[in-house]
Visitor: 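Handing you this structure, nothing more for now.
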Amino acid sequence: MRFASKLPEVGTTIFTVMSRRAAEENALNIGQGFPDYAIDPRLSNSLIEALSEGRNQYAPMEGTLELREQISNKLNACYLRRFDPITEITVTCGATESLYDAIQAAVGPGDEAIIFDPAYDAYEPAIRLAGARCVRIALMPPAFRFDWDEVRRALSDRTRLIIINSPQNPSCSAATREDLDRLADCIRNRPITVIADEVYEHVLFDGRRHQSVLAHPELRERSYAVFSFGKTLHATGWRVGYCVAPPDMTGELRKVHQFNTFSIASPLQHAIARYLSAYPDAWQGLSTFFEAKRDLLAGLLRGSGLEPLAASGTYFQLVDYGAISQEDDLAFADRLIREAKIAAIPLSPFYAKPPHMTLVRLCIAKRDETLREAARRLSAFATALRPAS
Ligand code: PMP
Ligand code: GLN
């Protein structure tokens, strides 16, 4: 008997593929999004303390109360509203698990879910595993703006979910307050839930402010808002995230969570709670920190033939290689790995119907030396490829 796949055309994620290729080719990996610098030593010490106190057994299913209280304080500081740690906050295995659980809670067979391309790759498989259909709306470079009239046209009697991601990975764009108002207009009087993937809530550039659904009175009543300590504390490998939603929606999410991961690593939750209680502002400088990295990399690349696009947020930078090559982005990214020894992420895997574009994504969450070395290799590669003028 042939085993029937439920996700026949899903392969390995582009992030894993590129990280593997980087290792094989001994390339500098500025593809997959993860920092190459140490976490705050005070956070490491909190973990050592949690372990020496013997915090080694199951944490409560919904997350330790101490951590949910710290999350509630942090949300209050950011979005000026107190969310109830008991009924509205759930700790999950990274943002990825929050997204999966929220999708399973929100849609089922016969339903439709709208997502925006270039879409983070975890959304569609989870929607399909729930038995629902994904409707994909393409945002186009260079600005990747929403077209809310197009969203309205895509709505049907079956639409039950819209997922927005702001700041958006991989386009590096960010939703405005007007975007959230238009989204609220679209779903008013319809049975549609929103999932807001806000993992880059603290990485906005040039004085922009993050527009969270949690600060939007109409949207927060209908939304699962998803966050990640992986991004906020530079610790992607800890796999700690959380989801904030009204009590009835949280109840449904927890029904999935309890049979998915059940509960999240206890020492890690204790460590983060202790750290946030001692340093409640630990996340405050993130925009400044990453803006300096964006400026460093973009400044070094400008004029090289790999032209940086304007970035509103996230810890990524798109570059346009159109001046030096018209190859498709998969071929170009492969060439970058082999010839420039740089691993980058092509954009076409994030589109259902990829338009012709000459963009790759670079990760800026790297030490300055790494970014300088990456720019040096990229510029040398681009110079070699540049048509003689
Ligand atoms: N959503 C987006 C937009 C992301 O970029 C990421 C991770 N890069 C995630 C979700 C998943 O976050 P986590 O690593 O906490 O699971
Ligand atoms: N979200 C990370 C990125 O955008 C990758 C996470 C993963 O590999 N699943 O690079």
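For the single chain, residues carry numbers from 1 onward in sequence order. In listed order, ligands and their atoms are each counted from 1.
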Visitor: Could you tell me whether some N/O pair between F15 and ligand 2 is separated by less than 3.5 angstrom?
Guide: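 No - when backbone and side-chain N and O of F15 are compared with those of ligand 2, no distance drops under 3.5 Å.
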
Visitor: Relative to atom 16 (O) of ligand 1, which among T96, T92, V240 owns the nearest non-hydrogen atom?
Guide: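 Looking at heavy atoms only, T96 sits closest to atom 16 (O) of ligand 1.
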
Visitor: T13 versus ligand 2: do any nitrogen or oxygen atoms come within less than 3.5 Å of each other?
Guide: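 No, T13 has no N/O under 3.5 Å of an N/O on ligand 2.
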
Visitor: Going by an N to O cut-off under 4.0 Å, is there a salt bridge joining R145 and D179?
Guide: yes

Visitor: Using modelled atom types and a 3.5 Å cut-off, is there a donor and acceptor pairing between side-chain atoms of D329 and backbone atoms of V360?
Guide: no

Visitor: Going by heavy-atom distance to atom 9 (C) of ligand 1, choose the closest among Y123, Y120, F15.
Guide: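 Minimum heavy-atom distance to atom 9 (C) of ligand 1 goes to Y120.
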
Visitor: Less than 4.0 Å is my threshold; does some heavy atom of E97 fall inside it relative to ligand 1?
Guide: no

Visitor: For Y120, is the nearest heavy atom under 4.0 Å from an atom of ligand 2?
Guide: yes

Visitor: If you count the atoms of ligand 1 from 1 in the order shown, which ones are under 4.0 Å from a heavy atom of N165?
Guide: 3 (C)

Visitor: Quick check: does T16 get an N/O under 3.5 Å from an N/O on ligand 2?
Guide: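 Checking ligand 2 against T16, no N or O pair falls under 3.5 Å apart.
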
Visitor: Could you tell me whether ligand 1 has any atom less than 4.0 Å away from a heavy atom of V199?
Guide: yes

Visitor: Are any of the N/O atoms on N169, whether in the backbone or the side chain, positioned under 3.5 angstrom from an N/O atom of ligand 2?
Guide: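 Among all N and O atoms of N169, at least one is under 3.5 Å from an N or O of ligand 2.
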
Visitor: Cation-pi between R42 and Y279: NZ/CZ under 6.0 Å from ring centre and within 45° of the ring axis?
Guide: yes

